[in-house]
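Read the structure below first, then the notes.
Given the structure is predicted, the values throughout are model-derived calculations rather than measurements. By convention in this document, chain letters (A, B, ...) are assigned in the order of the sequence lines, proteins followed by strands, and residues within each chain are numbered from 1.
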Amino acid sequence: MPEGHTVHRLARDLARDLGVNAVTASSPQQRFAAGADLLDGQVATRCRAYGKHLFVDFEAGDTLHIHLGLIGKFRRTAPDAPRDTVRLRLAVDHIAWDLTGPMTCTVGGPDTFTDVTTTLGPDPLRRDGRLPDFSERVATRRVPIGAALLDQRVVAGIGNVYRAELLFLVGIHPSVPSLMLADAEVNDLWNVATDQLRRGVRLNRIVTVDPADVGASSVGRIGADDRLHVYKRAGEPCRRCGAPIERFVLAGRKTWFCPTCQPPP
DNA sequence: TACATATGATCAT
DNA sequence: TGATCCTATGTAA
């Protein structure tokens, strides 16, 4: 489930679990054997996230760089858990963190963080993420806003679920040209993104529906199937207006919108 | 057993 | 735009 919220949450949980102890690093799958050897026995000194990129610094100056991609997972397991597909296992005491299916898993020097993040747009989950930076990048893209939001050079950490959900929440159709958005709309988009991604970190999952959006019968409780407004809900009624949710492909990925709440340009 | 699909990104054409 | 990489899961056969 890797959008920015997942990676920021990982940085936090990893930092807590790894603590100040030396880690045992291994690559059961062997594809990261050399890197694991470098890290084995070192103390992790810092865990950071920027967009969908995760960085773990080690005492000797090595930086582990991980990007989960579409199917990657990094999860807390036990040292006796199955490991045939585990690219990297970081173990401390009785806790093991298992990385499977990552798009990127490398070890580099102290410049790794800067080198990787210099190409990225502002990250709403970071303290250094700036709205004016976002505004400027949105205003200079000659693509639909639904494409711009997936471009990590415009804003870092948003993926296919948040692109659809955020645009619903701000009432903007994905096909509206990025540079046509009013200042107020761009501000709104940034603020909603910040709020929603933070909520995602807190809950460790994407939930964009509010209790006020669900029926009185459910007493404000949000169930497993009503956490999202539009993502993967083609044909189902909009929770706010009842119109059937529609779907189309934008920037090579399916996206969803409400034709009433998000009028086409 | 096979196939489709997935919250991502890159590279080739 | 399409192929490709990586893994896991759900559905179909």
Side-chain angles (χ1 to χ4, degrees), chain A residues 1-11 13 27-33 35-36 49-55 64-77 81-89 96-106 115-121 123-125 141 143-144 146-169 174 192-193 196-209 224-235 245 247-257:
Chain A
M1 321 179 168
E3 292 193 30
H5 69 296
T6 302
V7 182
H8 280 261
R9 174 63 179 252
L10 270 173
D13 292 347
S27 180
Q29 179 202 54
Q30 294 303 317
R31 291 188 51 176
F32 189 58
Y50 195 122
K52 300 170 189 170
H53 297 261
L54 175 67
F55 304 88
L64 172 65
H65 171 216
I66 290 168
H67 189 300
L68 294 175
L70 182 60
I71 59 172
K73 291 195 168 33
F74 204 8
R75 44 198 161 184
R76 185 194 280 116
T77 60
R83 18 160 264 181
D84 42 318
T85 61
V86 175
R87 181 81 54 91
L88 168 67
R89 169 170 289 177
W97 279 87
D98 282 357
L99 175 68
T100 56
M103 188 175 78
T104 303
C105 176
T106 57
D115 291 347
V116 171
T117 61
T118 189
T119 61
L120 299 174
D123 177 349
L125 285 174
R141 297 282 150 176
V143 296
L149 287 181
L150 285 185
D151 185 341
Q152 302 298 300
R153 295 168 299 186
V154 173
V155 55
I158 290 175
N160 204 28
V161 178
Y162 277 123
R163 113 161 128 167
E165 294 297 311
L166 298 177
L167 288 174
F168 172 83
L169 289 173
V192 170
Q196 291 297 329
L197 283 160
R198 281 182 184 156
R199 187 180 185 193
V201 173
R202 187 162 19 99
L203 301 176
N204 208 6
R205 73 192 330 157
I206 302 175
V207 180
T208 58
V209 171
D225 291 332
D226 42 38
R227 294 185 183 119
L228 304 175
H229 282 285
V230 294
Y231 181 77
K232 275 191 176 170
R233 293 194 67 234
I245 301 303
R247 180 185 83 176
F248 71 112
V249 174
L250 180 57
R253 322 257 326 252
K254 290 174 195 162
T255 197
W256 294 260
F257 68 98

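Of the P atoms belonging to C:dA3 and B:dT5, the separation is 14 Å, rounded to the nearest Å. Here the separation of C:dA8 from B:dT10, taken at their C1' atoms, is 22 Å to the nearest Å. Between C:dT4 and B:dC3, the distance separating the two P atoms is 16 Å to the nearest Å.
At the heavy-atom level, A:E165 lies nowhere under 4.0 Å from the strands shown. In this structure, A:Y231 reaches the sugar-phosphate backbone alone: every heavy-atom distance under 4.0 Å involves primed, P, OP1 or OP2 atoms, never a base. The residue A:R163 sits apart from the nucleic acid: no heavy atom pair falls under 4.0 Å.
Residue A:R31 places none of its side-chain N or O atoms closer than 4.0 Å to OP1 or OP2 of C:dC5. Within the structure, a side-chain polar atom (N or O) of A:K52 is placed less than 4.0 Å from OP1 or OP2 of B:dA9. The side chain of A:T104 places no N or O atom within less than 4.0 Å of a non-bridging phosphate oxygen (OP1 or OP2) of B:dA9. Taking only side-chain nitrogens and oxygens, A:K232 never comes nearer than 4.0 Å to OP1 or OP2 of B:dT5. A close approach under 4.0 Å does not occur between any side-chain nitrogen or oxygen of A:H67 and OP1 or OP2 of B:dG8.
Here A:R163 contributes atom CZ and A:I158 contributes atom CD1; the two are 11.0 Å apart, rounded to the nearest 0.5 Å.
With C:dC6, C:dT7, B:dT7 as the choices, the nucleotide that has an atom nearest any side-chain atom of A:Q29 turns out to be C:dT7. Closest to the side chain of A:V161, out of B:dT7, B:dA9, C:dT7, is B:dT7. Taking only side-chain atoms of A:N160, from C-beta outward, the nucleotide of C:dA8, B:dT7, B:dA9 with the closest atom is B:dT7. Side-chain proximity of A:R253 to B:dG8, C:dT7, B:dA6: nearest is B:dG8. Of the candidates B:dA6, B:dT7, C:dA8, the closest approach to any side-chain atom of A:H5 belongs to B:dT7.
In this structure, A:R75 atom CZ and C:dT7 atom P are separated by 11 Å, rounded to whole Å. Put simply, CZ on A:F74 is 14 Å from P on C:dA8, counting in whole angstrom units. We find that CD of A:Q196 is positioned 18 Å from P of B:dT7, with the value rounded to whole Å. Between the CD atom of A:E3 and the P atom of B:dA9 there is a distance of 9 Å, rounded to whole Å. A:K254 has its NZ atom 9 Å from the C1' atom of B:dA6, to the nearest Å. Atom CG of A:L149 and atom C1' of B:dG8 are 15 Å apart (whole Å). Between A:I206 atom CD1 and B:dA6 atom P the separation is 14 Å, expressed in whole Å. Remark: C1' of B:dG8 and NZ of A:K73 are 12 Å apart, rounded to the nearest angstrom.
In summary, A:R89 and A:D98 engage in a salt bridge, as defined by a charged side-chain N under 4.0 Å from a carboxylate O. Salt-bridge check for A:R76 with A:D13: failed, with every basic side-chain N at 4.0 Å or more from each acidic carboxylate O.
Looking at heavy atoms from C-beta onward, A:K52 lies in side-chain contact with A:Q152 at the 4.5 angstrom threshold.
A:H65 and A:F55 have parallel rings, their planes meeting at less than 30° on a 0 to 90° scale where 60° marks the start of perpendicular. Between A:F257 and A:F248, the ring-plane angle classifies as perpendicular under the 30° and 60° cut-offs.
Atom CZ of A:R83 sits in a sparse spot, with 12 or fewer heavy atoms from other residues, nucleotides or ligands closer than 6.0 Å.
Both distances falling under 3.5 Å, in either a Watson-Crick or a G-U wobble arrangement, occur for no nucleotide opposite B:dT13. B:dT7: no Watson-Crick or G-U partner with both key distances under 3.5 Å is found in any strand.
Residue-to-nucleotide proximity on DNA chain B shows that, of A:Q152 and A:I71, the 5′-proximal contact is made by A:I71.
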